[in-house]
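Working notes, beginning with the structure itself.
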Amino acid sequence: MRVLYFALLRERIGMAEEEISPPAEVRTVADLVIWLRGRSEQHDAALANPTMVRVAVNQDYAQPSDAVRPGDEIALFPPVTGG
Amino acid sequence: MRVLYFALLRERIGMAEEEISPPAEVRTVADLVIWLRGRSEQHDAALANPTMVRVAVNQDYAQPSDAVRPGDEIALFPPVTGG
Amino acid sequence: MTVRVQREDFDTGKELDRMTAGQTQIGAVVTFTGLVRDFADAKDGVQRMTLEHYPGMTQRQLETIVAEARHRWPLDDCLVIHRYGELMPGDRIVLVITASAHRQAAFEAGAFLVDWLKTKAPFWKLEEDGGQRRWVEAKASDDEAASRWNR
Amino acid sequence: MTVRVQREDFDTGKELDRMTAGQTQIGAVVTFTGLVRDFADAKDGVQRMTLEHYPGMTQRQLETIVAEARHRWPLDDCLVIHRYGELMPGDRIVLVITASAHRQAAFEAGAFLVDWLKTKAPFWKLEEDGGQRRWVEAKASDDEAASRWNR
């Protein structure tokens, strides 16, 4: 499973992407965010405020209850500010 | 008093403008339209349907009750279709 | 703030560039370009449109409505060009450009000005199609669109 | 229907002319151009903005929303260009062009696409002003503007 970070989350976590293999009980977006927060202090601080984190699974916006599977491309980023 | 006609009204009445001197009792836009209808059969037919006639006094839209005075520029035309 | 009533064509891109060149407070620019369409009930002949107008009133009324738009929305700039004379399908008729710090102001002021042009600007369209000629009739839907700004 | 995500500048007038050339069914074309404004809380330094984006998702999501706009309004054509990379105040960021037989469709679809870009397109603005750098925060007003299309 590949995880991408963008903008402020990328800077806070200190990397643009990482390859991860979470345990089988990580089944949803919500599970994954909790699991990622355990990876480092930076992860924990960057992902602590759920209103500041958006998640896309395979390049589509995802809800906390949506499934994540091995092979997925997961992206975590702050609320967008384009246009 | 100068009266201008535009578009379909100009064609039906058969002239683009005329100089008129209505009697003193013609005080409002409504009075004037009635008076103009008496000028010829063409005037009468062209101005018969009030929903198809708009009036401007001195280049501003006017209501039937608005005053008309000697020296005014009066324009009569169908509903507009620009834009 | 500029209003032009002219026989000549206009260049939307050039007008847009002129309005925004060197400006750094404008965040949003909306342009509306109106074009002559093929006539809905066309026969086989050459199609042509003639736009008649009331010159003195047009300029005066356009300046009034542009002032009204500036009063209602925070506009940095505004341009209205309306053509008259003979036009063919595909030709440009009207251009409205609105510039503001905020996109909603630019969009709303643009729609307001176009609705106003459709219902109040003293222009009349004559369509010719081969031997047929026909004055275009005003649409009730245009009056409805314009009435939403009466508040 | 075209979507482009690019580093290079664009020419609104040229894109507009390309869309309308030879067309006689289009009656209304609306363009929205978004520009970099001076930063509200600027200090004295040189101002610069960097737009970061998520390339794969951007293109994919833009194509989806353009398809949605076509489904909601009778559009003859539609173009979205969004830039990324380094930009200075006054630079163009985004272009949306909508063309329709009817002006209301062109205006509404344009506003819909711009609202969507503001709230859903995966772009992030980093403002730099001399030594200061700051990620722009999302605005609640943008979410409100976008929510009016949820019907």
Side-chain angles (χ1 to χ4, degrees), chain A residues 1-20 28-30 32-33 36-37 41-83, chain D residues 3 5 32-37 39 49-65 80-85 87 92-96 110-128 133-143 145-146:
Chain A
M1 197 179 289
R2 197 164 150 241
V3 184
L4 312 177
Y5 304 108
F6 290 96
L8 188 57
L9 292 195
R10 173 177 51 72
E11 292 187 346
R12 287 205 173 146
I13 292 173
M15 63 179 86
E17 59 178 279
E18 56 184 326
E19 194 64 40
I20 56 167
T28 66
V29 166
L32 180 66
V33 172
L36 285 169
R37 288 183 62 182
E41 273 180 35
Q42 286 78 15
H43 283 78
D44 189 43
L47 305 177
N49 182 350
T51 68
M52 294 306 288
V53 180
R54 298 284 178 278
V55 181
V57 175
N58 297 327
Q59 306 182 348
D60 276 322
Y61 280 100
Q63 300 300 318
S65 58
D66 287 348
V68 294
R69 295 184 183 81
D72 280 351
E73 174 179 302
I74 314 288
L76 288 87
F77 47 79
V80 303
T81 55
Chain D
V3 166
V5 182
F32 173 89
T33 311
L35 304 159
V36 182
R37 286 163 61 195
F39 308 152
M49 171 180 284
T50 307
L51 259 170
E52 178 174 334
H53 77 127
Y54 177 7
M57 183 170 173
T58 305
Q59 183 78 26
R60 180 186 159 85
Q61 293 285 323
L62 278 172
E63 284 169 7
T64 302
I65 200 67
V80 176
I81 301 178
H82 204 305
R83 294 178 68 191
Y84 61 88
L87 299 169
R92 284 171 279 267
I93 308 175
V94 61
L95 173 63
V96 173
F112 167 80
L113 288 167
V114 174
D115 281 345
W116 184 88
L117 285 167
K118 287 269 175 193
T119 53
K120 293 287 187 174
F123 286 89
W124 302 273
K125 287 177 180 150
L126 176 67
E127 291 179 352
E128 290 174 89
R133 61 198 299 284
R134 181 178 81 90
W135 288 97
V136 173
E137 284 180 29
K139 279 184 281 185
S141 61
D142 286 333
D143 286 329

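Computed from a predicted structure; not experimentally measured. Only heavy atoms go into these numbers, but all of them, side chains included; no hydrogens, no water, no symmetry mates. First the proteins, then the strands, lettered A, B, ... as listed; each starts at 1.
The side-chain heavy atoms of D:Arg133 and A:Glu11, taken from C-beta on, include a pair separated by under 4.5 Å. Using a 4.5 Å heavy-atom cutoff, the side chains of A:Leu8 and D:Trp135 are in contact. With contacts defined as side-chain heavy-atom distances shorter than 4.5 Å, the pair D:Gln61/A:Asp60 qualifies.
Heavy atoms from other residues, nucleotides or ligands lying under 6.0 Å from CD of A:Glu41 number 12 at most. Within 6.0 Å of atom CD in A:Glu18, more than 12 heavy atoms from other residues, nucleotides or ligands are found, so the atom counts as buried in its surroundings.
The heavy-atom pair separating D:Ala121 from A:Val80 by the smallest distance is O-CB, 3.2 Å. Of all the heavy atoms in D:Glu52 and A:Ala7, the pair that sits closest is OE2-N, 2.8 Å. Of all non-hydrogen atoms in D:Val136 and A:Thr81, the two that sit nearest each other are O-CG2, 3.3 Å.
The main-chain N or O of D:Arg60 is never found under 3.5 Å from a side-chain atom of A:Gln59 such that the two would form a donor-acceptor pair. At least one donor-acceptor pair closer than 3.5 Å links the side chain of A:Tyr61 to the backbone N or O of D:Lys120.
A:Arg10 touches chain D through its side chain: at least one heavy atom from C-beta onward sits under 4.5 Å away, while N, CA, C and O do not. Looking at A:Asn58, only its backbone comes within 4.5 Å of chain D, counting heavy atoms on both sides. Neither the backbone nor the side chain of D:Lys139 comes within contact range of chain A, judged by heavy atoms closer than 4.5 Å.
The aromatic rings of D:Trp124 and A:Phe6 sit parallel to each other, their planes meeting at less than 30°, with 60° as the upper class boundary.
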